[in-house]
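Notes for the one structure printed next.
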Protein chains: 2
Amino acid sequence: MPDTAAGRRRSLLHETRCGNCSLSSLCLPLALELEDIDQFDAIIRRRAPLKKGESLFRQGGAFTSVYAVRSGSLKQVTSEGSGADQLTNFYLPSELVGLDGIDEDAYPGSVIALETTTVCEIPFDRLDALSERLPKLRTQLYRSMSKEMRDDRRMMRLLSRKTADQRLATFFASLSDRFRRRGYSPYSFRLSMSRADIGNYLGLAVETVSRILGRFQQQGLVAVSGREVNILDLDALIELAEEEGCH
Amino acid sequence: MPDTAAGRRRSLLHETRCGNCSLSSLCLPLALELEDIDQFDAIIRRRAPLKKGESLFRQGGAFTSVYAVRSGSLKQVTSEGSGADQLTNFYLPSELVGLDGIDEDAYPGSVIALETTTVCEIPFDRLDALSERLPKLRTQLYRSMSKEMRDDRRMMRLLSRKTADQRLATFFASLSDRFRRRGYSPYSFRLSMSRADIGNYLGLAVETVSRILGRFQQQGLVAVSGREVNILDLDALIELAEEEGCH
DNA sequence: CGAAGTATTGACCAGATTCAACTCGCGTGG
DNA sequence: CCACGCGAGTTGAATCTGGTCAATACTTCG
């Protein structure tokens, strides 16, 4: 009876087993043996799906868990001092959220769902304990953090050296690549974030995002209609993204 | 006979013991018990001091170790594609260098001494193994990485939201704070990096750095003479750094 | 269907870059 | 010891990219 509460719960539980998760080749337990995966699986907690706009946690909240995105997408927003927020990251399925809260035992930003989103909650103390026994898990955790640091550096480079056009081009190329890795079309996808989010993330005004998108369209690089994106010339986008300041 | 090779080596070895290192309260082993510190100490390798301009490791080099800065300072430089380098970080004593190389098993940037600099080399495989037995060390390692992620986010905010004045103000306030924590004067110090380095780091042209430094001087915020800095009004600097875009 | 939020477009403005000239400080070698 | 030369730093003028403000269209959702 899949429609009883118990039936639904079972199917949800079943659904969250890492062993049969389609993301297992990208996610934290990627290096684990079958039996180890079960151990890992055991510490994971299900969360009810988040609806668009709901927050996974709020800035300043006590750090307890990291989260693996299972479906949907989220944004991380940090508001410092009195003023404007800074959008520091978008998270897609298989990515790990909350690692920057370990130090200071508090989340340094709020993380908000951009659409209906499900996540796996991984209590950090249990993850840490398990990582003591599973060197591969530990390694993977180090790798995840290290990767995030590398991505951050790339973002700094984008923010301090690239023109608005290059930022947008980089953004689309990167999204395309992330979708490809997850088995989706790298050429055709739907943006879950608003133009304002994109601008905030890339350090640009909304108007600039809009204008450049228009230009890209004229140049035949992409076809954009609302949040629906078709990438027409990925190579050109990538080239534009990498292009060096011509002296 | 402190002048024999053996004597010198002994004194150097002695010098590098974590137990009597003045930085131990800031550095990686900060949470360890005395006996644990000795274990940690045992895996550390001395390195000959780096002279100004020498590199600790080069971008793309195989990742083997992380390094704790003991004295002096370094910069991390990433050159992507064909063109301009990006200076992604300055490292001061007690800070950990190279953590972003774990993922990909290669250093994502070159790290270069800005002055005569000594570091402690910590082979990562041994650190990882030791962290299996010492939960506090593991925690500290997670914390270090987490902190670096947080700092990166702050940098992104600086690069995407702050004006040139605010960037410089933030830079000086942050340096001041880092010196204070290390027991040096927060008001008077010597910059080990060039104006070009500062500009590169903050995403500004050298000329802009120079001009704004001049303005700060006129406003009585700092007194700068070459690389010698005196901070005259730290509070004003901090306020300027935090100031919000006034709508 | 209407209202509020989201996106686009245009005109104008300003902060920062670029280019170029010039000065200063420092180390080297004559 | 001083002159020289080079790199680092400063200053000025012109330019330009992207931001701001304002008006207008499009969507999405109650």
Side-chain angles (χ1 to χ4, degrees), chain A residues 51-53 75 83-87 112 114-116 158-171 190-219 222-229 240 243-247, chain B residues 51-53 75 83-84 86-87 112 114-115 158-171 190-219 222-229 240 243-247:
Chain A
K51 287 201 281 282
K52 180 173 175 172
K75 62 177 174 182
D85 292 349
Q86 169 72 18
L87 203 168
I112 298 165
L114 293 168
E115 58 195 312
T116 302
L158 177 142
L159 291 171
S160 79
R161 303 237 96 78
K162 295 192 179 180
T163 66
D165 296 52
Q166 295 181 304
R167 294 184 198 191
L168 258 301
T170 307
F171 179 70
R190 184 169 215 299
L191 299 173
S192 59
M193 66 289 285
S194 68
R195 302 284 192 273
D197 286 338
I198 297 174
N200 190 330
Y201 178 60
L202 297 176
L204 299 171
V206 203
E207 294 93 327
T208 308
V209 174
S210 214
R211 268 187 265 272
I212 291 174
L213 246 47
R215 205 182 313 150
F216 279 4
Q217 198 139 219
Q218 285 192 329
Q219 297 168 341
V222 296
V224 185
S225 160
R227 297 195 172 181
E228 219 58 57
V229 176
L240 175 54
E243 206 165 81
E244 281 308 327
C246 34
H247 299 251
Chain B
K51 286 201 281 284
K52 180 175 173 172
K75 63 177 175 183
Q86 169 71 19
L87 204 167
I112 297 165
L114 293 169
E115 59 196 311
L158 176 143
L159 291 171
S160 78
R161 304 236 97 78
K162 294 192 178 180
T163 66
D165 297 50
Q166 296 181 302
R167 294 183 198 192
L168 258 299
T170 307
F171 180 69
R190 182 169 217 294
L191 300 173
S192 59
M193 67 290 285
S194 68
R195 301 283 193 273
D197 286 338
I198 297 175
N200 190 330
Y201 179 60
L202 296 177
L204 300 171
V206 203
E207 295 92 328
T208 307
V209 174
S210 213
R211 270 186 263 273
I212 291 174
L213 246 47
R215 206 183 311 150
F216 279 4
Q217 198 138 221
Q218 286 192 331
Q219 297 169 340
V222 295
V224 185
S225 161
R227 297 193 172 182
E228 219 58 57
V229 176
L240 175 54
E243 205 164 80
E244 280 308 329
C246 34
H247 299 252

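Fair warning: this is a prediction, and the values are worked out from it, not measured in the lab. Computation of the quantities below employed the complete heavy-atom set of this structure, encompassing side-chain atoms and omitting hydrogens, waters and symmetry-equivalent molecules. Residue numbers start from 1 in every chain, and the chains themselves are labelled A, B, ... in the order their sequence lines are given, proteins ahead of strands.
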| said: What's B/G199 touching, base or sugar-phosphate or nothing? Going by heavy atoms closer than 4.0 Å. | reply: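 No contact.
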| said: Just to be sure I understand the rule, does B/L204 reach a base, reach only the sugar-phosphate, or reach nothing, if contact means heavy atoms closer than 4.0 Å? | reply: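 Sugar-phosphate only.
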| message | Please report the interatomic distance NZ(A/K52) to CG(A/L114), rounded to the nearest 0.5 Å. | response |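 If we round to the nearest 0.5 Å, A/K52:NZ and A/L114:CG are 8.5 Å apart.
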Under 4.0 Å from OP1 or OP2 of [N]: is there any side-chain N or O of [X] that close?
{"X": "A/T163", "N": "D/dT17", "answer": "no"}
{"X": "A/T208", "N": "D/dG18", "answer": "no"}
{"X": "A/R227", "N": "C/dA7", "answer": "yes"}

Over how many whole Å does the gap from [X] atom [atom1] to [N] atom [atom2] extend?
{"X": "A/D165", "N": "D/dG18", "atom1": "CG", "atom2": "P", "value": "6 Å"}
{"X": "A/L202", "N": "D/dT17", "atom1": "CG", "atom2": "P", "value": "19 Å"}
{"X": "B/R167", "N": "C/dG15", "atom1": "CZ", "atom2": "P", "value": "14 Å"}
{"X": "B/E228", "N": "D/dA8", "atom1": "CD", "atom2": "P", "value": "18 Å"}
{"X": "A/F216", "N": "C/dT9", "atom1": "CZ", "atom2": "P", "value": "15 Å"}
{"X": "A/E115", "N": "D/dT28", "atom1": "CD", "atom2": "P", "value": "14 Å"}
{"X": "A/R161", "N": "C/dT17", "atom1": "CZ", "atom2": "P", "value": "10 Å"}
{"X": "B/E207", "N": "D/dA14", "atom1": "CD", "atom2": "C1'", "value": "14 Å"}

| said: Could you go through A/M193 and A/K75, starting from their C-alpha distance and side-chain angles, then the distance that decides it, and tell me whether this counts as side chain to side chain contact (heavy atoms under 4.5 Å, CB included)? | reply: CA-CA 8 Å; A/M193 66 289 285; A/K75 62 177 174 182; over 6 Å; no
| Check: A/R195 side chain, A/G226 main-chain N or O, donor-acceptor pair, under 3.5 Å |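 Yes, the answer is positive, given that a donor and an acceptor are paired below the 3.5 Å cut-off.
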| query | Side chain of B/E228, backbone of B/S225: donor and acceptor closer than 3.5 Å? | reply |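 Here the side-chain-to-backbone pair does not exist.
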Side chain of [X] (C-beta onward), nearest among [options]:
{"X": "A/R211", "options": "C/dA7, D/dT10, D/dG19", "value": "D/dG19"}
{"X": "A/S194", "options": "C/dT17, C/dT6, D/dG19", "value": "C/dT6"}
{"X": "B/S210", "options": "D/dG9, C/dA16, C/dT17", "value": "D/dG9"}

| Where do A/N200 and A/Q86 land on the side chain to side chain contact (heavy atoms under 4.5 Å, CB included) test, with the steps shown first? | CA-CA 6 Å; A/N200 190 330; A/Q86 169 72 18; 3.8 Å; yes
